[in-house]
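Excluded from the calculations below are hydrogen atoms, water molecules and symmetry mates; all remaining heavy atoms, backbone and side chain alike, are included. Numbers restart at 1 for each chain; the letters A, B, ... are given by sequence-line order, proteins then strands. This is a predicted model, so every value here is computed, not measured.
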2 protein chains.
Amino acid sequence: MKSPGERASGAARRGAGRSGMAVPGVGLRDVAQAVGVSTATVSRAINRPEVVSAELRERIAAAIAELGWIPDGAARALTTGRSQTIGAVFPTLGLGDFPRAANAIQRHLLLQDYTLLLACSEYDPEQEFRQVRKFAERGVDGVILVGLAHHPELIPFLEQRKLPFISSFVYDPAHHGRCVGPDNHKALVRMTDYLADLGHVRFAVIAQETENNDRASARLAGIRDALAMRGLAVRPQHLAIGTWTIEEGRKLFAQVMDTDPRPTAIVCGNAPLAIGAILEATARGVRVPEDVSIVGYDDIEIMNHLPVPVTTVRVPGEEIGVRAARLILDLLMGREPDYPLESEAEIVLRASSGPPPGAAASPFHAQPEG
Amino acid sequence: MKSPGERASGAARRGAGRSGMAVPGVGLRDVAQAVGVSTATVSRAINRPEVVSAELRERIAAAIAELGWIPDGAARALTTGRSQTIGAVFPTLGLGDFPRAANAIQRHLLLQDYTLLLACSEYDPEQEFRQVRKFAERGVDGVILVGLAHHPELIPFLEQRKLPFISSFVYDPAHHGRCVGPDNHKALVRMTDYLADLGHVRFAVIAQETENNDRASARLAGIRDALAMRGLAVRPQHLAIGTWTIEEGRKLFAQVMDTDPRPTAIVCGNAPLAIGAILEATARGVRVPEDVSIVGYDDIEIMNHLPVPVTTVRVPGEEIGVRAARLILDLLMGREPDYPLESEAEIVLRASSGPPPGAAASPFHAQPEG
DNA sequence: CGCCGTTATGCAATCGGTTACAAGAGCGAG
DNA sequence: CTCGCTCTTGTAACCGATTGCATAACGGCG
């Protein structure tokens with residue numbers, strides 16, 4: 001047996017070599033040996049260059065480049081206790097601003113030398129919890145969730161393990177510092193007010209299932225609360241709940257329009273539903289906005305290009321993604337965030353909304369408040 | 001100094017505790033101690049349950065649940081040389097079937113206890129390479145790329161490190177076993193043949209930049225080759241290259257239609273371009289397909305719901321995702337894939353394509369070949 | 001000329017599991 | 001009763017980096 005002092009160099013030590021290593025055969029030891037210094041010095045040259053003499057630093061850098069060495073993340077994670085990794089669980093990547101935000105998170109994390117682990121829950125809290133446990137196992141340093149409603153054991157799990165986490169796509173003052181996004185309730189209050197100010201009184205709502213989806217639920221509540229302020233409410237037959245496909249939007253549009261009295265304004269809870277509603281309307285010869293106003297949520301590109309461009313709530317997905325990344329890192333480092341956590345959900349006015357049928361077109365009807 | 005034998009239990013040993021650990025204060029040692037066995041036994045109970053007696057296995061499982069222990073991925077990765085992690089670099093998540101495929105990959109990997117690291121290259125080979133290097137640093141066991149065209153150093157880098165990798169969304173017999181997806185060339189040959197069989201001779205193409213994008217480039221080549229077989233070609237003024245937005249689709253549609261002679265068929269290289277073309281056509285009062293046929297690529301939901309439903313190439317994103325996940329794992333394990341690697345790109349006929357203006361409508365014109 | 005503070009570097013323990021090898025227990029056969 | 005085999009479990013080295021502490025080199029100062 002060799003004494004500890006005379007360990008063979010990495011390259012020689014591992015024969016056929018385990019597969020799966022970052023750089024088969026090249027380890028920190030080999031770099032150290034090549035330069036003629038200890039591994040400690042090489043390690044310091046990487047992590048705290050200022051404590052290593054300039055000349056040595058250069059020789060080490062040269063050797064690293066020469067050997068093509070890449071530090072082993074697992075070993076590093078083991079000693080430092082940080083994996084430089086953040087996990088995010090999104091409901092899906094096929095809806096609204098989620099892909100944009102995911103991309104933004106990933107890009108921003110990379111700038112700070114962090115890597116993103118991404119998973120989808122498909123709106124199922126069980127699955128979300130499973131994904132988060134997997135992340136914990138992989139040793140993520142923090143977790144980005146979507147929304148505030150989760151599996152009952154999820155938050156305790158994260159807290160017990162002291163894993164920092166934030167909620168995105170949602171802002172709630174009660175959770176300040178732990179969430180970034182728009183205030184969904186406020187956004188739909190404003191949208192509803194805008195429509196009501198145009199004179200609408202018969203509102204229909206086409207929205208996603210609100211169970212396990214606090215954002216959808218906040219939007220619905222926003223509509224209801226804004227209407228209630230004016231003594232109005234959504235008739236049961238004007239409330240249609242479904243998924244997030246265009247197909248569904250068409251179906252639900254038909255459903256709420258086949259009622260008496262008909263609604264004069266339809267608020268859609270997500271982009272595909274709004275697209276479906278608009279397309280079904282044009283297909284049926286229902287004029288938008290003359291016969292019925294239709295508004296959506298999420299301003300994806302097509303909203304502005306449909307036969308009738310759609311009035312919608314614009315959620316700044318890119319901004320939310322970047323802030324989510326910043327916030328989780330700040331939380332991790334114990335820094336105080338110095339940027340707003342609430343994103344403004346802007347109401348983008350387009351042709352799909354107008355005064356209700358029969359109302360005198362006011363000369364200045366299309367100005368939303370604030 | 002303590003002798004090795006009398007190491008304190010994990011919980012007691014670490015005082016204030018490093019942050020960032022999966023389960024602060026609970027380690028394999030604590031589980032072992034709780035059950036009164038060695039760490040080796042606990043480890044075996046997890047990894048090779050069959051060698052541990054049933055009774056003990058149960059007590060260990062109970063203790064693990066009791067203590068809420070989760071194995072530390074970094075430590076495990078360090079010793080085993082595998083991180084149970086796969087990295088994927090997609091061009092973007094905002095186009096076509098990419099989100100669907102990403103989701104499918106992730107879901108399938110999770111079933112096999114693997115975790116997905118996801119990044120986007122934004123069609124920039126430099127960035128793709130950077131992301132892959134980052135993945136190598138994180139110790140991924142394999143890499144899933146999109147397409148066959150990459151940074152010149154990317155493949156050598158992966159090969160040098162013996163990192164298994166595959167290309168997705170592309171099938172090329174020359175790379176059999178290392179790619180999954182449709183044959184882009186073949187798909188567009190078929191689409192072009194279909195249009196030519198309808199009687200079209202003046203083709204326009206609206207497509208993405210082909211530099212750094214071998215799939216777009218294969219599609220373009222498919223169109224050209226199919227036309228050449230009939231002695232036809234795309235006029236320079238009928239070839240418009242752009243990005244992948246609806247806006248761009250509208251612009252390029254206008255561009256190729258403002259020519260003389262006009263094309264009678266327009267082949268679009270991706271979904272947003274096709275959507276833009278269709279919408280611009282209806283906006284301008286150009287009748288589809290009476291005045292011009294328009295076909296697309298990727299069958300995302302909206303293609304079937306536009307004012308004129310779009311004939312398009314359906315790429316099975318879900319299937320590609322699942323197969324990509326399977327293939328990279330098979331490669332990793334040295335297993336032979338027992339499922340097809342080439343995905344059929346189906347041509348979905350819809351209302352946007354028909355005979356060219358002036359042609360006698362054949363009674364049976366809309367049947368594509370095999 | 002010797003003492004001491006700096007600065008640069010090396011030594012070796014350590015992170016938390018995994019696994020080769022050793023060792024003990026139990027059992028049937030000779 | 002002993003030998004040898006199988007079945008379980010324990011011992012301890014090891015993965016590849018990080019980092020507290022020790023040490024060496026150097027220079028300034030009294």
Side-chain angles (χ1 to χ4, degrees), chain A residues 1-5 7-11 13-14 17-18 20-33 35-57 60 69-84 137 139, chain B residues 1-5 7-11 13-14 17-18 20-32 35-57 59-60 69-84 137 139:
Chain A
M1 208 226 277
K2 296 184 168 103
S3 85
R7 296 174 70 151
S9 92
R13 185 163 18 90
R14 328 182 192 95
R18 295 150 46 231
M21 293 187 343
V23 190
V26 182
L28 182 54
R29 272 187 261 282
D30 303 284
V31 177
Q33 202 179 41
V35 183
V37 297
S38 73
T39 60
T41 302
V42 179
S43 175
R44 276 186 292 253
I46 312 273
N47 300 303
R48 294 161 63 217
E50 70 279 6
V51 306
V52 174
S53 70
E55 182 261 357
L56 197 48
R57 211 186 309 154
I60 290 176
W69 174 69
I70 290 191
D72 179 315
R76 190 178 246 176
L78 184 56
T79 47
T80 61
R82 330 213 78 155
S83 60
Q84 301 282 106
E137 206 167 317
Chain B
M1 212 227 274
K2 296 184 169 100
S3 85
R7 295 175 70 154
S9 93
R13 186 163 18 90
R14 328 181 193 97
R18 294 149 48 230
M21 292 186 342
V23 190
V26 182
L28 181 56
R29 284 186 180 81
D30 303 285
V31 177
V35 183
V37 297
S38 74
T39 60
T41 303
V42 178
S43 176
R44 277 187 292 252
I46 311 273
N47 299 305
R48 295 162 62 218
E50 70 280 6
V51 305
V52 174
S53 69
E55 181 260 357
L56 198 47
R57 211 186 308 152
R59 278 169 48 212
I60 290 175
W69 174 70
I70 290 189
D72 179 316
R76 190 177 246 177
L78 184 56
T79 47
T80 60
R82 329 213 80 155
S83 61
Q84 301 279 112
E137 205 166 319

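- Proximity of A/W69 to the phosphate of D/dG16: no side-chain N or O atom is located under 4.0 Å from OP1 or OP2.
- Remark: P of C/dA13 and CG of A/L78 are 17 Å apart, rounded to the nearest angstrom.
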Sequence neighbours left out, cut at 3.5 Å: what donor-acceptor pairs do the side chains of residues 42-51 of chain A make with other protein atoms?
from  : atom 1 : to    : atom 2 : distance (Å)
A/S43 : OG     : A/N47 : ND2    : 3.4
A/N47 : OD1    : A/R76 : NH2    : 3.4
A/N47 : ND2    : A/S43 : O      : 3.0

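- Considering all non-hydrogen atoms of both residues, A/V52 and A/R57 come closest at O-NH2, 3.1 Å.
- End-to-end axis angle of the helix from C/dC1-D/dG30 to C/dG30-D/dC1, using five pairs per end and rounding to 10°, comes to 60°.
- Of all nucleotides listed (C/dT9, D/dT9, D/dT19), C/dT9 comes nearest to the side chain of A/L56.
- For B/T79, taking side-chain heavy atoms from C-beta onward, the closest of the listed nucleotides D/dA12, C/dG16, D/dA17 is C/dG16.
- Atom-to-atom, CG of A/D30 to P of D/dG16 comes out at 9 Å; the value is rounded to the nearest Å.
- A/R82 places its CZ atom 11 Å from the P atom of D/dT19, with the value rounded to the nearest Å.
- For the pair B/R76 and C/dT18, the criterion of a side-chain N or O lying under 4.0 Å from OP1 or OP2 is met.
- Distances shorter than 4.0 Å separate some side-chain N or O of A/T41 from OP1 or OP2 on C/dG10.
- Looking at residues 43-53 of chain B, you'll see B/S43, B/R44, B/N47 sit with a heavy atom under 4.0 Å from some atom of DNA chain C.
- Here the C1' atom of nucleotide D/dT18 and the CD atom of A/Q84 are 13 Å apart, to the nearest Å.
- For the side-chain hydrogen bond (donor to acceptor under 3.5 Å, both in side chains) test, no residue two or more places apart in sequence or in another chain qualifies with A/S53.
- Counting to the nearest Å, the C1' atom of C/dG17 and the CD atom of A/E137 are 13 Å from each other.
- The two residues A/A77 and A/S83 make their nearest non-hydrogen contact at CB-CA, 4.0 Å.
- Using a 4.0 Å cut-off, some side-chain N or O of B/S38 falls inside it from OP1 or OP2 of D/dG10.
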Could you go through nucleotides 24-28 of chain D and list every protein N or O atom that sits under 3.5 Å from one of its N or O atoms, giving the distance for each pair?
none

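- Taking atom CZ of B/R29 as the reference point, atom P of D/dG10 lies 14 Å away to the nearest angstrom.
- The nucleotide whose nearest atom lies closest to any side-chain atom of B/T39 is, among D/dA12, C/dG16, D/dT19, D/dA12.
- Spacing between atom CD1 of B/I60 and atom P of D/dT9 amounts to 8 Å, rounded to whole angstrom units.
- A pairwise comparison of heavy atoms in A/W69 and A/L28 identifies NE1-N, 3.5 Å as the closest pair.
- Between A/V42 and B/V42, the residue anchored closer to the 5' end of DNA chain C is A/V42, taking for each the nucleotide with the nearest heavy atom.
- Rounded to whole angstrom, the span from the CG atom of A/L28 across to the C1' atom of D/dC15 amounts to 13 Å.
- Heavy atoms of A/V37 sit under 4.0 angstrom from primed sugar atoms or phosphate atoms, though from no base atom.
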